[in-house]
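For reference, the structure is listed below as structure tokens.
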Amino acid sequence: MSDYVTVARDGAIAVITLDNPPVNALSHHLREPLFKALEAARDDAAVEGIVIACAGRTFISGADITEFGTPKALASPSLPELCALLESLPKPAVAAIHGTALGGGLELALACHYRVADKGAKVGLPEVKLGLLPGAGGTVRLPRLVGPEKAVAMIVSGNPINASAALEAGVVDAIAAGDLTADAIAFAKARVADGGPHVPVRDRDDKIAPARADLSGFEAAVKEATRKTRGLEAPLACATAVRNAVTLPFDEALKKERELFIGLVNGVQSRAQRHLFFAEREAAKVPGVSKEVQPRAVKKVGVIGAGTMGGGIAMSFVNGGYPVTILEMSDEALDRGFATIDKNYGISVSRGSLSEEAKAERMGRFSRTTNYADLADCDLIIEAVFEEMGVKKEVFGRLDAIAKPGAILASNTSYLDVDEIAASTGRPQDVVGLHFFSPANVMRLLEIVRGDKTAPDVLLTALTVARKIGKVPVVVGVCHGFVGNRMLGARSAEGEDLLLEGASPEQIDKVFADFGWPMGPFAMGDLAGLDIGWRNRKSLGKTAAIGDALCEAGRFGQKTGKGFYLYEQGSRKPIPDPEVAKLIEEKARERGVNRRDISDDEITERTLYPMINEGARILEEKIAARPSDIDIVWTNGYGFPIGKGGPMFWADTEGLRKIVERLEYWHGKTGKDVFKPAALLKQMAEDGGSFSGRPAA
Ligand code: 3HC
Ligand code: NAI
């Protein structure tokens, strides 16, 4: 008995209950008494069967991730030792699963002879999302229950399945009809009564025998599961481990799984992904929003503007179960907006991810209007009209006149001053920025822009609602472009000059692709449309030698079949264009720029280092509360590779001293402000500090 493990008896069944809040992670302080309780139950002749259940909101949700990299993770009894003990018990052990059985939690359940689940339970092996593979027998036992094809799909995706799918697949043996623990005890008694044999999972062979004879079906499943691994090691290691489960004897495969696990857990990718796991949770903790603050109720949502963003934002809320009213300037604009929404849901239906009925139900949650009075009963109203301060102020003035007291008024502005927008109302405390990313119904990031006067309960409501609609929220302060677009500006600043000085779009894009970005800046520009930046520059009186010349020649990117690259009819594949190379050379000549070979390192230094520098300035100005918030913005909104942990985590691995040194070099050479090292960055480099709090590289 301990604070974490209690044992009760129900007839001949020992009921072992684990209680390690909040999620019953398998910390060493839980493993130790659990091991002892299992030994005691094994040795007690009066005990004929065992049930393992959990107190609190969930079954075991995995190994204790905070122990990784510390001696506690490996301290005896280790999780594999616990699993081996369970599996060797001469009496049946039953796991009673409620909430989530994830990672090591499911692995422990797989080492039991049987599993009974609550009907709301979910089970899965999400280790891959932490840059890992299941390291306590999951890759070896799961295939024996569900077959290697299904196992590899589950383990490589990391996505959990619900109780009924788990029953169908063979992961669980029964779903509780009533009280879970009582049903699990009854199940254990029935197994004791029927006398077995209680075959441990390790000895079940029928589901893997077909693949042993012919691996082709399994290899096809591996190919499908690992189609998009984007330079990550863990998904491939997961597939290797499941293959070992098929081709090697149990103990050998188990040993190899452990070796692969140890390799990954000590690697930089897993450290980066674990950093992001905690960073996402940390981002929910907002300075100034104390525990006493309560969120406001949000039952009905209004969206103003049915363009690119308004439509996607409205879909996000409807998908999250909210009724949404969209306001536009005219019926024609509403028709256009709703046609796009209808088309987008239609694509989901044609892909099989949404049923016709679900689509109809979602479409039924929208209302449309051109009259502001129809938004009077909304609890949250989000504006997504043109990016012009005059228009925004007019919209907020009208909202101030009609919105009910306490309604939250939000702007989706990309760059504009949220305080100035708030000042156009008589209730600046209710105004907040909600900066969604395009396509808003798909992208998970939400920058919540905190104005000078935004009330804490408005921030908390924004965070709560964001999570309800499946977004990853990060609270940021007011400045031009907030965190994401401001750093993007710094990343892009040198693009044109690099081209003029000798790099090509394809070289720069390749450096980005090799780094792990989904695409480079020029391919991205072509995808988004070069005319957007061109129009923006014109409105600000700015120019870009090459970008402007491309647009003047009607090269807007993919939509016109050419931009920085050429595109064949119906293809999105960028093809380098000699005409663009010629244009770049011409522009360089006109400006008297001597072209030279540009190294890949120089490209990295002149694009990513300024971005880190801007991140440091953002921290100095307290626009972001912590470096890890910046990492969440960039990995969720801009495709920064998760295996590198976000820009600030990556900066640590790159070495802050090196970054400052190279920024100083480029600053000395060009005098450009983007290279002038931020005071914070310089200080940290001098002190040997790091953004992630880890020892400096
Ligand atoms: N270890 C340590 N802490 C954990 C943890 C874990 N496995 N899982 C969650 N926590 C912490 C969170 O950091 C958070 O802490 P905080 O309150 O201080 O911020 C707290 O528990 C609550 O977590 P959530 O906010 O995420 O709670 P939710 O209710 O939203 O979600 C959950 C619960 C679905 C269990 C979610 O926490 C989750 O997905 N956890 C991770 C599951 C996982 O990845 N398991 C595999 C671990 S690796 C492993 O098992 C290796 C093995 O194969 C050897
Ligand atoms: P858009 O031009 O596609 O849509 C704007 C819509 O607002 C149009 O349908 C227009 O008819 C409507 N509108 C304009 N004035 C209005 C008014 N007074 N009342 C009602 N409706 C009005 O523009 P988009 O791209 O959707 O951008 C909207 C806002 O979202 C801008 O502030 C933009 O900066 C921001 N944003 C845009 C992103 C993008 O990738 N397009 C990403 C994130 C934010």
Side-chain angles (χ1 to χ4, degrees), residues 20-27 57-68 73 78-80 83 99-108 122 124-139 155 158 160 257-258 261-262 264-265 270 273-274 277-285 303-313 326-330 332-334 336-337 340 369-370 372 382-392 394-395 398 411-416 421 433-440 443 445 447 467 481-482 484-485 528-529 532 536 637:
N20 186 25
V23 295
N24 285 312
L26 284 160
S27 319
R57 66 197 216 215
T58 177
F59 190 74
I60 305 163
S61 291
D64 183 340
I65 308 168
T66 61
E67 283 185 354
F68 291 165
S78 66
L79 182 52
C83 291
T100 48
L102 297 177
L106 179 59
E107 291 178 293
L108 189 114
K122 285 186 176 165
L125 294 171
E127 285 89 340
V128 72
K129 296 183 182 179
L130 299 170
L132 297 170
L133 83 168
T139 67
I155 294 171
E257 177 200 76
R258 195 69 191 157
F261 179 85
I262 301 284
L264 288 176
V265 82
S270 176
Q273 287 179 256
R274 273 144 44 205
F277 175 86
F278 289 113
E280 193 178 318
R281 280 146 186 88
E282 200 60 23
K285 295 162 195 159
V303 172
I304 305 182
T308 310
M309 293 307 289
I313 294 169
I326 305 185
L327 181 143
E328 256 289 354
M329 291 195 289
S330 66
E332 295 72 45
L334 280 169
R336 265 198 313 275
T340 308
T369 187
T370 53
Y372 274 81
I382 302 161
E383 159 283 307
V385 303
F386 302 137
E387 183 77 346
E388 283 169 35
M389 187 52 96
V391 185
K392 304 273 192 208
E394 194 214 314
V395 168
R398 297 183 75 167
S411 173
N412 182 49
T413 179
S414 309
Y415 292 95
L416 300 174
I421 295 173
L434 289 183
H435 183 216
F436 289 81
F437 287 72
S438 181
M443 295 295 289
L445 177 65
E447 282 185 328
R467 273 194 296 272
F482 317 120
N485 283 344
I532 299 177
N536 194 24

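Just so it is clear, the values below take in all heavy atoms, side chains as well, and ignore hydrogens, waters and symmetry mates. Indexing begins at 1, ligand by ligand and atom by atom, following the structure's order.
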Which option out of Asn412, Val395, Ile326, Thr340 puts a heavy atom nearest to atom 18 (N) of ligand 2?
-> Val395

heavy-atom search around atom 46 (C) of ligand 1 in the protein gives Gly103 CA, 3.8 Å

Does Arg57 come within less than 4.0 Å of ligand 1, judged by its heavy atoms?
-> yes

Which atoms of ligand 1 are found less than 4.0 Å from any heavy atom of Phe278?
-> 13 (O)

Do Thr308 and ligand 2 have an N or O pair less than 3.5 Å apart?
-> yes

What's the shortest distance from atom 39 (O) of ligand 1 to any protein heavy atom, and which residue and atom give it?
-> Leu102 CD1, 3.9 Å

To the nearest 0.1 Å, how far is atom 35 (C) of ligand 1 from its closest protein heavy atom, and which atom is that?
-> Ser61 OG, 3.3 Å

Is there a heavy atom in Glu383 that sits closer than 4.0 Å to ligand 2?
-> no

On a heavy-atom basis, the closest approach of Ser330 and Thr370 is C-CG2, 3.8 Å

Numbered atoms and elements of ligand 1 in range of Phe277, under 4.0 angstrom, heavy atoms | 8 (N), 9 (C), 13 (O), 40 (N), 41 (C)

Does at least one non-hydrogen atom of Glu282 fall below 4.0 angstrom from an atom of ligand 1?
-> no

Closest non-hydrogen atom pair, Met309 against Ser438 = SD-CB, 3.8 Å

Any idea which part of Ile65 is under 4.0 Å from ligand 1, heavy-atom wise: side chain, backbone, both or neither?
-> both

Ligand 1 N/O within reach of Phe68 N/O, cut-off under 3.5 Å = no

Using distance alone, determine whether Gly104 and ligand 1 share an N or O pair under 3.5 Å.
-> yes

Which part of Lys129 is near ligand 1, with near meaning a heavy atom under 4.0 Å away: side chain, backbone, both or neither?
-> neither

Got the closest protein heavy atom to atom 4 (O) of ligand 2, with its distance?
-> Gly307 CA, 3.3 Å

Looking only at N/O atoms, are Met309 and ligand 2 under 3.5 Å apart anywhere?
-> yes

Please check atom 32 (C) of ligand 1 for a protein heavy-atom neighbour under 4.0 Å.
-> no

Under 4.0 Å between heavy atoms, the region of Ala63 that gets near ligand 1 turns out to be both

Tell me: protein heavy atom nearest atom 12 (C) of ligand 1, and distance?
-> Arg281 CD, 3.7 Å

What atoms of ligand 1 come within less than 4.0 Å of a heavy atom belonging to Leu130?
-> 44 (O), 47 (C), 48 (S)

Heavy-atom distance to atom 31 (C) of ligand 2: which of Thr370, Thr413, Val385, Ile304 wins?
-> Val385

Does some non-hydrogen atom of Pro126 fall short of 4.0 Å from ligand 1?
-> yes

Of the protein's non-hydrogen atoms, which lies at the shortest distance from atom 19 (O) of ligand 1, and what is that distance?
-> Lys285 NZ, 2.9 Å

What do you reckon, does Thr100 have a nitrogen or oxygen under 3.5 Å from a nitrogen or oxygen of ligand 1?
-> no

